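What follows is a short report on a single structure.
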Amino acid sequence: MFALADVNSFYASCEAAFRPDLKGRPIVVLSNNDGCVIARNKEAKVAGIQMGAPFFKVRQACEQHKVAIFSSNYALYGDMSYRVMTLLEEICPKVEIYSIDEAFIDLQGVSNCKNLETFGHEIRDKIDKCTGLKMGVGIGPTKTLAKLANHAAKKWSKTEGVVDLSLLARQRKLMALIEVGEVWGVGRRISKRLNAMGINTALQLADASPALIRKHFSVVLERTVRELRGEPCLEPEELAPTKQQIICSRSFGDRVSQYSLMREAICSHAVRAAEKLRKENRYCRHISAFAKTSPFADGEDYYGNCCSIQLQIPTQDTRDIIAAATKCLDDLWKEGHRFQKCGVMLGDFYSQGVAQLGLFDEIKPRANSEQLMAAIDLIHKDGKGRVWFAGQGVERSWEMKREMLSPAYTTRVNEIMKVRMI
DNA sequence: TCTGGGGTCCTAGGACCC
DNA sequence: TCTGGGGTCCTAGGACCC
């Protein structure tokens, strides 16, 4: 048995948790660069603000409904996520963190000592009491059914946030009510093709022949079918899987046409990517950089390109990664475009920097690399000072917009919430 | 004017090998 | 004129997730 617990409208709820004055008002959180709507509370959904809509298209509706609008504040959401996950780990036997706001809980053995639905309510109450965030809990014999149960827990308020699908009859009753596109693993494209085959509900998908589904789609969807029938195909993950790839990219606050600005941005993404790499304790050999113009710009030719470099020796030294990324940039740079976004990708990971060298190779690893990188990381971790690479620039006029950013309530002492006793 | 960022997995097809 | 069979590895692209 699995449970899937997730926080309702996570980003919007994090903002609301520190702003009791907004109670009852619609709240919306925007993506990086204040681009699209990526989270809405219940009131904002009622007001008809669409998920994923570009902000400029819903700005008027927001004003009309007095919506409170926030730029994304990942320092806040990351810290709140950490609190939620830590609490879950305190009260649940095995927790697998699946995303910033949801976790699978392996319920093996739990049903021997308590009713699963009761346990679901205990989880909800604990998180609500300690963080002010409301979770939905779905329970089922497979991860896919637990996901579906969670969906139902949020959709029907009379469930009070907990749905237990242990019994086959309940599974089938619920699946008959749910559109196939709501099933975990079925996106827009696949649901369209399924509809064309006459499969419209989750139940119809569960009753389809796995062999037929595999023939028309893939083993991935076949697994989904089996999971819907209660046959577990997705195992509980013991350890967090190691990353295969690290990507750091951002849209620019304003379009960039100047090489020097683009170079600063690429350097900065390279620096962040290298930090992530060291945090994962990995070394990489494959480095690439990409840049693209906006696909939505009328009357402009779209240009996007990606170039990469394979190093001789795996590295985790920021200087190597900057050098490679800027070399890639020079290969892809084209004058005369208004670029919208760029980024750096790392891949081909090793657990150490030493590779077998050829007999006549003249490459020598950098001296003191580890100490230097450790020193830089420490300075940033302490937060007592800042050092950066010259290539990152000083003004950084290309940086993204976050015009409606809330304070870092939980991670910066001088931005902590003040409470006045009256 | 203004459209996010960061990942995963699978498959098909080409290059290459014997 | 006739033009195999079986395999591996890599990459690009498509689909999905939050």
Side-chain angles (χ1 to χ4, degrees), chain A residues 4 6-11 28-39 50-60 62 69-74 77-78 81 97-104 143-144 147 150-151 180-194 213-224 233-234 237 240-255 269 272-273 276-277 280 286 288 290 292-300 302 304-306 308 310 338 340-349 399-404:
Chain A
L4 178 76
D6 81 341
V7 180
N8 302 339
S9 335
F10 181 56
Y11 297 169
V28 150
V29 178
L30 302 179
S31 64
N32 273 330
N33 220 24
D34 296 340
C36 317
V37 173
I38 53 167
Q50 287 300 307
M51 182 72 166
F55 179 48
F56 73 92
K57 283 191 183 169
V58 296
R59 173 171 260 156
Q60 243 190 344
C62 285
I69 302 158
F70 293 94
S71 304
S72 2
N73 182 346
Y74 286 99
Y77 313 147
S81 170
I97 298 172
Y98 177 68
S99 76
I100 192 161
D101 74 327
E102 61 188 310
F104 285 104
K143 286 184 170 180
T144 305
K147 266 275 201 190
N150 177 282
H151 173 76
V180 72
E182 302 288 351
V183 174
W184 190 36
V186 180
R188 274 231 310 279
R189 301 288 173 98
I190 288 180
S191 57
K192 219 171 174 183
R193 284 170 61 196
L194 286 169
I213 292 296
R214 183 178 192 145
K215 196 176 137 218
H216 287 290
F217 298 88
S218 68
V219 291
V220 186
L221 196 62
E222 182 194 354
R223 279 202 285 261
T224 301
C233 302
L234 304 167
E237 305 270 352
T242 50
K243 279 199 208 311
Q244 306 296 309
Q245 202 179 49
I246 288 172
I247 303 176
C248 287
S249 70
R250 285 277 181 281
S251 305
F252 300 119
D254 296 303
R255 301 279 182 264
H269 297 326
R272 274 201 306 139
K276 285 192 196 172
L277 185 67
E280 295 270 316
H286 194 84
S288 34
F290 69 89
K292 61 196 216 63
T293 63
S294 168
F296 302 104
D298 279 339
E300 279 180 48
Y302 175 78
N305 206 347
C306 179
S308 15
Q310 186 80 10
R338 295 168 65 240
Q340 176 240 355
K341 182 177 180 177
C342 73
V344 170
M345 298 188 277
L346 308 180
D348 196 10
F349 294 154
E399 272 187 335
M400 65 181 181
K401 290 191 179 121
R402 291 158 96 191
E403 285 168 357
M404 291 153 283

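Note that the structure is predicted; figures quoted are calculated from it, not measured.
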Given C:dC17, B:dT3, B:dG4, identify the nucleotide with an atom nearest to the side chain of A:I38.
B:dG4
Nucleotide of B:dG6, B:dG4, B:dT3 approaching A:N32 most closely (side-chain heavy atoms):
B:dG4
Interatomic distance where CD belongs to A:Q245 and P belongs to B:dG5 [whole Å]:
16 Å
Here the distance between atom P of B:dC2 and atom CD of A:E403, to the nearest Å, is 14 Å
Does A:Q340 have a side-chain nitrogen or oxygen under 4.0 Å from the phosphate oxygens OP1 or OP2 of B:dG4?
yes
Indicate whether OP1 or OP2 belonging to B:dG6 is found under 4.0 Å from a side-chain N or O atom of A:S249.
yes
Any sub-3.5 Å donor-acceptor pair from A:S191's side-chain atoms to A:V180's backbone N or O?
no
Rounded to whole angstroms, how far apart are CZ on A:R402 and C1' on B:dG5?
13 Å
So, A:S294 side chain and A:Q340 main chain: donor-acceptor pair closer than 3.5 Å or not?
no
Is the shortest side-chain N/O distance from A:K341 to OP1 or OP2 of B:dG5 below 4.0 Å?
yes
Nearest heavy-atom pair of A:S72 and A:L30: which atoms, and what distance?
OG-O, 2.6 Å
Holding to salt bridge (charged side-chain N to carboxylate O under 4.0 Å, His left out), I want the full list of residues that pass it with A:R214, two or more places apart in sequence or in another chain.
A:E222
How long is the line joining CZ of A:R272 and P of B:dG6, in whole Å?
5 Å
Counting only side-chain heavy atoms from C-beta out, which of B:dG4, B:dT8, C:dC17 sits nearest to A:K147?
C:dC17
Take A:S218 and A:C36, find for each the nucleotide of DNA chain B with the closest heavy atom, and name the residue whose nucleotide sits nearer the 5' end.
A:C36
Measure from CZ on A:R59 to C1' on B:dT3 and round the result to the nearest Å.
13 Å
Can you measure A:D348 atom CG to C:dC9 atom P for me and round it to whole angstrom units?
15 Å
Minimal non-hydrogen separation, A:Y74 against A:R402, with atom names:
N-NH2, 4.3 Å
Tell me whether the side-chain N/O atoms of A:R338 come closer than 4.0 Å to OP1 or OP2 in B:dC2.
yes
Nearest-neighbour nucleotide for the A:W184 side chain, B:dG4, C:dC18, B:dG7 considered
C:dC18
Within the stacking criterion (centroid distance below 5.5 Å, interplanar angle below 30°), does A:F55 stack on B:dT3?
no
Sorted by chain and number, sequence neighbours left out, ring-ring contact (aromatic ring centres under 6.0 Å, His included) with A:F217 holds for none
What residues, two or more places apart in sequence or in another chain, satisfy salt bridge (charged side-chain N to carboxylate O under 4.0 Å, His left out) together with A:D254?
A:K401
Presence of A:K276 side-chain N/O under 4.0 Å of B:dG7 phosphate oxygens OP1/OP2:
yes
Can you figure out which of B:dG4, B:dG7, B:dT3 approaches the side chain of A:S31 most closely?
B:dG4
With five pairs defining each end axis, the helix from B:dG5-C:dC18 to B:dC18-C:dG5 comes out bent, to 10°, by 10°
Between P of C:dC16 and CD1 of A:I213, the distance in whole Å:
13 Å
Is there a side-chain polar atom (N or O) of A:R223 under 4.0 Å from OP1 or OP2 of B:dC9?
no
ring-ring contact (aromatic ring centres under 6.0 Å, His included) partners of A:F70, counting only residues at least two apart
none
Distance in angstrom units between A:I100 CD1 and B:dG4 P, rounded
18 Å
Of all the nucleotides listed (B:dT3, B:dG7, C:dC18), which has the minimum atom distance to the side chain of A:I247?
B:dG7
Could you list, one pair per line, each protein nitrogen or oxygen that sits under 3.5 Å from a nitrogen or oxygen of nucleotides 10-15 of chain C, together with the distance?
residue, atom, partner, partner atom, Å
C:dA15, OP2, A:R189, NH1, 2.5

Does the side chain of A:S31 pick up a donor-acceptor pair with the side chain of A:N33 at under 3.5 Å?
no
Taking all atoms of both residues into account, what is the closest heavy-atom pair of A:I69 and A:C62, and its distance?
CD1-CB, 3.9 Å
